[in-house]
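Reading through the structure tokens given below for one structure.
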Amino acid sequence: MTDVDVVVIGAGVVGSAIARDLAGHRLSVALLDARDDVGDGTSKANTAILHTGFDAKPGTLEARLVRRGYELLSGYAASTGIPVERTGALLVAWTQEELEALPGLRDKAAANGYERCELVGADEVYRQVPALGDGVLGGLTVPDESIICTWTTTLALATDAKARGVRVLLGHRVTAVQPDASGTLLRTTGGDVRGRWIVNAAGLGADVIDRLFGHDRFTVTPRRGELFVYDKLARPLVDRIVLPVPTSRGKGVLVSPTIYGNVMLGPTAEDLADRTATGTSEDGFAFLLSKGGRLMPRLLEEEVTASYAGLRAAIDHGDFLIDADADARYLLVGGIRSTGLTAGMAIAEHVRALIGEAGLVLEPRDDLPAPPRMPNIGEADRRPYQDAGLIARDPEYGRVVCFCERVTAGEIRDAFDSPLPPAGVDGLRRRTRAMNGRCQGFYCGAEVGELVATRAAAVRPCADRPCQAGDRDAEEARR
Amino acid sequence: MTARTPETPGTPGTTGTVEPAVLTPDVVIVGAGPAGLTAAAELAPRLDGQVLVLDREREAGGIPRHSDHTGYGLRDLRRVMTGPAYARRLADAAVIAGAAVRTGATVTGWAGDRSLEVTSPQGRLRVDARAVVLATGARERPRPARKIPGDRPAGVYTTGHLQNLVHLHHGAPGTRAVVVGAELVSWSAVLTLREAGCRTVLMTTELPSPESYAAFNLPGRALLGVPVATRTRLTRIIGSGGTGSDGSGSGAGSGVGGHKRLEAVEIEDLATGRRRTVECDTLVLTGDWIPDHELARSAGLEIDPGTRGPLVDTALRTSRPGVFAAGNVLHPVDTADIAALDGRHVAGEVLAFLAGREPSPDGVRFVADAPFRWVAPGLLRPGDPAPARGRLLLWTDELVRVPRVVLRQDGRVLARRTVPWPASPGRVFRVPWSMVRSVDPHGGPVHVGLR
């Protein structure tokens, strides 16, 4: 049985950041996830924006942590190679009500400590984004909003955590908890795991876990957001994030470049009961097409490369819900909305402070490994297929397997050889972009599928049975 | 090979970075399918310099490589053979003629007007050619581009993906398939499924009748026992188990290898609006072609809004001097032999360009009137030749059994003729060039329609 100082439940961006942060101290840490990969829940499907926090509600914990997280993650991205592009954002007003809301948003940004927003007229809006549809009345700029690779962010944090000694236990769904005198025993689908302290960062499942600990304080409502990702050929239409102005009639949809060189339109917002409903819908598509047709008519002439739906963990609480229960040695990290991508590392700092106040002794380590250097899957920097020197040293980086996304055999090999290898095609997509392109497998699907079938089975003892303590040693012995 | 720079990549530059090796062929052809290989075989013996064919796949031959049924070669080779045999034969012919065919070589962009950036296991290359032929072909729209909502289970394919899986990788689809489309390529998918032990339980088409060749239609249906639901569209994909694959700011999500399994599809009768589900574990989305136009568009070539491929004249010139296009990137899609004959046609025009012949700057546009979706080639310049095979190619959205073709220019009827073949959706409709003879190449656009 795994028996550690701290168990973090949930290997999304927030849980991975917390595990990594705690493992910077003389503590044993386990990071659990119900799924067979890290970052496979809410963290994998969002709008992938690194937020300045300009529009957060001033004075909230969320506002503070998003602002701090922006700094922390910007620095961490630079040191680990997480792709980031500082595109800036432009809020666009299409109605009088939206136009009148802009000065208030600028003031709110200032109240959040962000002073660089500027009101601009319709002419300037069209100068910045000429492809916008007719009827723009004005805009507000947010020069520091950025786009980021959410997949690499979670992977970097989890890889770093693993390098710091965190036991990453995938395929461990918590089914019951048994408090004892000095901690809690977690019953999971992958075997028992015991921790002196438990951190609940279970995202969409955080309320369920919280009830297992005897609380009844919030309910997660999955909010489905559907998105279209347009072809890379659409990218010249939009070089910055075009945001809707939030009004009394709800939020609109955004148009944004993606870190992989596409253009994204969405999301919808629909509250659901089913926490696994990641399917797309006819109504969602119709909504996106009608909004998109007004926002940027030319975008709709381009091909849709992908459509997907993500579930945000909306809760009945206006702020992040982070609370330590010193007696139970239990800490809840709930209600982390899409801003959790930006805020993750700041949430980890905050959790560290709370858990320290609650009595956990935190003694910083002086023997930490350097952070990992992540493979670049963004378009802003040079990718392996473009690197003549790299290809000369290793021809596998010259063998393009996925033509649309230009993913090479070398990168696929590296993904399987990495400390957190993919368990299947989806994991490989998030690590390399293989099969994410416009042909969606027409050309490379069969070859990638074959690679995954042979490599995933070979590298991954946890793929078809739950990981047990000791697998980590076996994995390391094999390398 | 006439590369003037040694092909040893990894030569350190003065700054310590590695510079791509440079190749300088007379002609570079992008795409080793029927059009590109045929163009190469025609050009290589007639040029002193190199003719270089680049293809990103591991083997030359293009789509016919994985279309393991007969029917190839009729119009270009005057004999009929299977797709793989045809692909091998064209590839061999290009090499025997003296062309260099490089596979595993992906063209990733332009370095100049007639200069390409290439990635290959032999290194990063730059290819500076005197002329470029784009023969990049076409592909079927995958699920996201068709905007089909629902779950994202494994088991959803295009014909290309399916045939690649079955014929080149010896993989297996499921046991009960629904095929969307009822045109030639759809029946090709049915044959592939049958070979892989998967029964096609239903084909659907939004049209009032199946579109494909008669040869495939009645006997095909009888032989394969596949029911065809006409005036029917796919409205939802239903999966079960696990959760679907998601994306984030990029493109995960075709359902290729997601966690869920395909259980059924929901289809709608367009006449009544009634919906029902059909159980299946395999879904093949066929037809609905889009040219692989990335290089054409990234070059800024003028694009034909109908075909979405590069706009070309009857000599297959694009809007950039010295850059030509041939094959299904121009007319998505015609049969492989027609693509090959484009390759033969473009070869003569490339030679003329290399010999210094300048095209007229003038020309008239062809415009497709409903029910036609596109016409190719799209431009006729004074003094230019008839197009490949002396035919204008068109694509119809409606079945017209007895088409009365009308050409109009500047409000006047140039020609009208009833042709003895139907205009059928899902296959190219051909108009003889003799109808075009009286076009005024200095006049207004020429409208091609039906009466």
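We name chains A, B, ... by the order of the sequence lines, and we start the count at 1 in each one.
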Among the options [options], pick out the one with the most heavy-atom pairs lying under 4.5 Å from chain A.
options	value
B:Ile237, B:Val118, B:Thr108, B:Leu165	B:Thr108
B:Gly171, B:Ser298, B:Gly160	B:Gly160
B:Thr159, B:Asn164, B:Leu168	B:Asn164
B:Ala145, B:Gly150, B:Ala105, B:Pro305	B:Gly150

Go through the atoms of [X] and report whether side chain, backbone, both or neither lie under 4.5 Å from a heavy atom of chain A.
X	answer
B:Leu285	neither
B:Arg146	neither
B:Ile238	neither
B:Glu140	both
B:Arg236	neither
B:Glu57	both

Query raised in the report: Atom CG of B:Asp151 and atom OG1 of A:Thr280: how far apart are they, to the nearest 0.5 Å?
Result: 8.0 Å
Report summary line: OG1 of A:Thr87 to CG of A:Leu50, rounded to nearest 0.5 Å, is 9.5 Å
If we ignore angles and hydrogens, is there a donor and acceptor under 3.5 Å between the side chains of [X] and [Y]?
X	Y	result
A:Glu411	A:Thr408	yes
B:Ser115	B:Asp128	yes
B:Glu266	B:Thr277	no
B:Glu263	B:Ser240	yes

Toward chain B, the part of [X] with a non-hydrogen atom under 4.5 Å:
X	value
A:Glu282	both
A:Arg406	side chain
A:Phe228	side chain
A:Tyr385	both
A:Leu289	side chain
A:Glu447	both

Requested in this report: Report the residues that fulfil side chain to side chain contact (heavy atoms under 4.5 Å, CB included) with B:Asp304, sequence neighbours left out, ordered by chain and then residue number.
Outcome: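 With sequence neighbours excluded, B:Asp304 shows a side chain to side chain contact (heavy atoms under 4.5 Å, CB included) to B:Thr307, B:Leu311, given in chain and number order.
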**Report entry** Residues forming a side chain to side chain contact (heavy atoms under 4.5 Å, CB included) with A:Arg298, sequence neighbours excluded
**Finding:**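 A:Arg298 satisfies side chain to side chain contact (heavy atoms under 4.5 Å, CB included) with A:Ala131, A:Leu237, A:Glu301 once adjacent residues are dropped.
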Report task. Output the option from A:Val263, A:Leu233, A:Leu390, A:Val400 having the highest count of non-hydrogen pairs under 4.5 Å with chain B. Result ->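 Maximum pair count with chain B is reached by A:Leu233.
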Requested in this report: Sort out for me which of A:Glu450, A:Arg438, A:Glu226, A:Glu302 touches chain B most, counting heavy-atom pairs under 4.5 Å.
Outcome: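 Most pairs with chain B among the choices: A:Arg438.
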Between [Y] and [X], is the closest basic N to carboxylate O distance under 4.0 Å?
X	Y	answer
B:Arg141	A:Glu303	yes
A:Arg393	A:Asp387	no
A:Arg430	A:Asp40	yes

